[in-house]
2 protein chains.
Amino acid sequence: MAENLMQEANKLTVLVNPKLTEAAALIEKAFVQRRTLIVAGKCHVNYAGRANSTLELGERLLIIKEDGSLLVHRPVGYEPVNWQPAGSVFHVQSKGDSIEVHAVRQKPRESVRVTFDEVFMVSALSLRDSGEFLLHASEDDMHRAILLKPSLLEEGFKPISYEKKVEPGFVDVYGVDKNGKLVVVEVKRNTAGKEAVLQLAKYIDAIKSKANRELRGVLAAPSLGKDVQRLLVTLGLEFKALDPKKCAEVLKKAETTKLEAFFNEKSQ
Amino acid sequence: MAENLMQEANKLTVLVNPKLTEAAALIEKAFVQRRTLIVAGKCHVNYAGRANSTLELGERLLIIKEDGSLLVHRPVGYEPVNWQPAGSVFHVQSKGDSIEVHAVRQKPRESVRVTFDEVFMVSALSLRDSGEFLLHASEDDMHRAILLKPSLLEEGFKPISYEKKVEPGFVDVYGVDKNGKLVVVEVKRNTAGKEAVLQLAKYIDAIKSKANRELRGVLAAPSLGKDVQRLLVTLGLEFKALDPKKCAEVLKKAETTKLEAFFNEKSQ
């Protein structure tokens with residue numbers, strides 16, 4: 001049960017239950033050294049910028065990253081209650097019975113003041129991170145993305161069904177274009193080759209006999225094999241470039257609607 | 001330069017440079033006690049859900065809040081690289097040379113696996129926060145919000161100018177409605193009284209003599225004083241309820257466009 005103790009290691013400096021002046025000193029040092037800073041404590045927050053807000057006293061995490069981005073997190077909710085993008089200038093000031101961390105941005109002029117009455121922990125970390133972030137989507141994800149956002153395929157496209165059974169198999173996505181023509185879509189996750197073109201042609205043939213409307217066959221894939229372009233044209237089919245990553249983003253967007261709504265509605 | 005040391009205090013337990021098994025034990029304990037957990041370390045992340053993603057090895061912060069929301073933060077950027085809203089179920093598992101924190105949600109089915117090869121710090125905090133978040137807007141903020149989002153006033157409203165000089169003063173917002181009528185808007189931050197109504201009437205009189213179009217006078221304020229409703233009607237003026245908080249949100253929304261764009265485009 002040690003109190004008021006500093007621990008230093010290569011990666012980090014941690015202060016537990018520091019005096020306010022000690023906390024201020026480490027915060028200042030973290031700013032100078034451009035380290036990632038975490039301050040846990042009892043604080044209130046004032047924001048002034050395009051709008052103004054006040055967050056009453058409570059126990060929270062303040063995170064300031066090496067690029068100057070700032071987050072204030074309450075103990076619940078995945079959204080920050082206050083935040084600033086990179087590019088703020090920071091100051092910390094001891095004020096007797098409190099310390100004030102002040103972040104100022106110039107364009108637009110914005111100011112966040114986080115005033116701590118108590119500090120439970122200060123942690124200054126040197127983090128190295130060059131790992132890549134990779135987004136994936138399966139063919140099934142790509143189908144669902146088209147249903148969620150049909151303009152991925154083309155403007156005015158309206159899906160009717162999904163994995164529709166059409167002998168000899170299942171049509172990936174089936175819909176109507178802005179001119180009322182039926183559209184049969186075959187989706188491929190990778191470069192579409194001869195096989196994909198012939199598969200689509202089969203579906204078109206099978207549906208043509210039943211449909212009394214004009215029919216288009218669209219092969220949607222990240223790219224088209226060079227040698228199949230002529231075959232595609234000969235068979236009267238079309239190619240639409242569809243990026244699996246873009247599809248993954250559309251799906252994830254649906255998921256993050258709540259988060260966006262938060263940033264729209266509650267904001268700072 | 002103490003290493004591998006645990007500190008306990010009322011509010012928090014902190015482990016610096018723990019062994020992986022010690023880190024896992026404190027993480028587990030934090031889940032059980034529903035404390036706010038911060039893990040700083042070298043990790044890779046796998047997400048599977050509506051889309052799939054991989055984040056390669058790097059040094060980051062994992063934050064899991066008492067409500068089960070999860071954030072993975074890289075050392076730059078105000079946006080999390082991975083996140084989950086509240087409601088996940090968590091497990092931590094030691095795997096010899098790594099520990100895996102696994103978060104699973106059911107609706108929709110989503111899974112985030114954060115695998116740490118090294119842990120620099122684990123901090124488990126009990127934070128109490130009932131402070132209210134209050135958003136403010138000045139009268140000037142309210143003017144700007146109408147310019148940014150004219151539908152705050154009414155559908156089809158198009159602002160022409162802002163703080164337009166019209167003897168005996170300045171018209172707050174001046175525009176055209178969907179029927180082509182000129183609209184003079186007087187904005188008040190608080191309940192609009194007799195004075196506000198008479199001020200608007202003066203502007204209308206001053207402009208009427210010059211304009212050759214139909215003219216409407218609109219008083220926009222959070223509420224209208226009971227005793228001035230009759231005066232307003234007599235003078236042929238209108239009242240529109242305009243919430244300063246809503247205006248502040250519109251302004252802040254403009255500010256957070258980049259953040260929204262991030263969540264739309266990069267997502268998990």
Side-chain angles (χ1 to χ4, degrees), chain A residues 1-3 5 7-9 11-12 14 16-17 36 38 40 50-60 65-67 69 71 74-78 81 83 85 120-121 123 125 127-137 141 248-249 251-253 255-256 258-260 263-265 267-268, chain B residues 1-3 5 7-9 11-12 14 16-17 36 38 40 50-60 65-67 69 71 74-78 81 83 85 120-121 123 125 127-137 141 248-249 251-256 259-260 263-265 267-268:
Chain A
M1 301 283 182
E3 288 217 356
L5 207 136
Q7 292 190 242
E8 292 226 34
K11 283 287 169 195
L12 75 167
V14 181
V16 176
N17 291 327
T36 295
I38 307 169
R50 292 216 181 179
N52 296 285
S53 71
T54 313
L55 177 64
E56 294 175 351
L57 205 60
E59 298 172 359
R60 291 152 199 145
K65 296 191 179 181
E66 59 188 54
D67 63 351
S69 49
L71 300 159
R74 309 185 78 155
V76 294
Y78 60 125
V81 61
W83 72 95
F120 312 137
M121 181 189 82
S123 181
L125 300 107
L127 300 176
R128 268 184 251 166
D129 183 4
S130 57
E132 211 180 324
F133 180 78
L134 303 158
L135 201 53
H136 317 286
D141 290 335
E249 286 160 3
L251 294 174
K252 191 58 199 172
K253 182 184 169 174
E255 184 55 12
T256 56
K258 275 188 219 158
L259 189 57
E260 286 159 38
F263 282 116
N264 289 351
E265 286 160 26
S267 60
Q268 285 260 15
Chain B
M1 301 284 180
E3 289 216 354
L5 208 134
Q7 291 190 244
E8 292 226 34
K11 282 289 168 196
L12 76 167
V14 181
V16 176
N17 291 327
T36 295
I38 307 170
R50 293 217 180 179
N52 296 286
S53 71
T54 313
L55 178 63
E56 295 176 350
L57 205 62
E59 297 173 0
R60 289 151 201 148
K65 296 190 179 181
E66 58 188 53
D67 64 350
S69 48
L71 300 160
R74 309 185 76 155
V76 295
Y78 61 125
V81 62
W83 71 95
F120 313 137
M121 181 188 83
S123 181
L125 300 106
L127 301 176
R128 266 184 253 168
D129 182 4
S130 57
E132 210 180 326
F133 180 79
L134 303 158
L135 201 53
H136 316 288
D141 290 335
E249 286 161 3
L251 295 174
K252 191 58 201 171
K253 182 185 170 174
E255 183 56 12
T256 55
L259 189 56
E260 286 161 37
F263 282 114
N264 289 351
E265 286 159 27
S267 60
Q268 286 258 18

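Every chain is numbered from 1, with letters handed out A, B, ... down the list of sequences.
Chain B forms the most heavy-atom pairs under 4.5 Å with one residue out of A:Glu132, A:Glu66, A:Arg60, and that residue is A:Glu132. The residue among B:Gly58, B:Gly131, B:Ala137, B:Ala40 with the most heavy atom pairs within less than 4.5 Å of chain A is B:Gly131. The candidate from B:Val76, B:Leu125, B:Ile38, B:Thr36 with the greatest count of non-hydrogen atom pairs under 4.5 Å with chain A is B:Val76.
When side chains are defined from C-beta on, B:Met121 counts as touching A:Ser123, because their heavy atoms get closer than 4.5 Å.
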Step-by-step side-chain contact (heavy atoms from CB on, under 4.5 Å) determination, B:Leu55 to B:Arg74: CA-CA 10 Å; B:Leu55 178 63; B:Arg74 309 185 76 155; 3.5 Å; yes
Full working for side-chain contact (heavy atoms from CB on, under 4.5 Å) between B:Phe133 and A:Glu56: CA-CA 6 Å; B:Phe133 180 79; A:Glu56 294 175 351; over 6 Å; no
Derivation of the side-chain contact (heavy atoms from CB on, under 4.5 Å) call for A:Lys11 and B:Glu59: CA-CA 10 Å; A:Lys11 283 287 169 195; B:Glu59 297 173 0; 2.8 Å; yes
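When heavy atoms are compared at a cutoff of 4.5 Å, A:Leu57 approaches chain B solely by way of its backbone atoms N, CA, C and O. Heavy atoms closer than 4.5 Å to chain B are found in both the backbone and the side chain of A:Thr54.
Nearest approach of A:Trp83 to A:Leu71, heavy atoms of both residues: CB-CD2, 3.9 Å.
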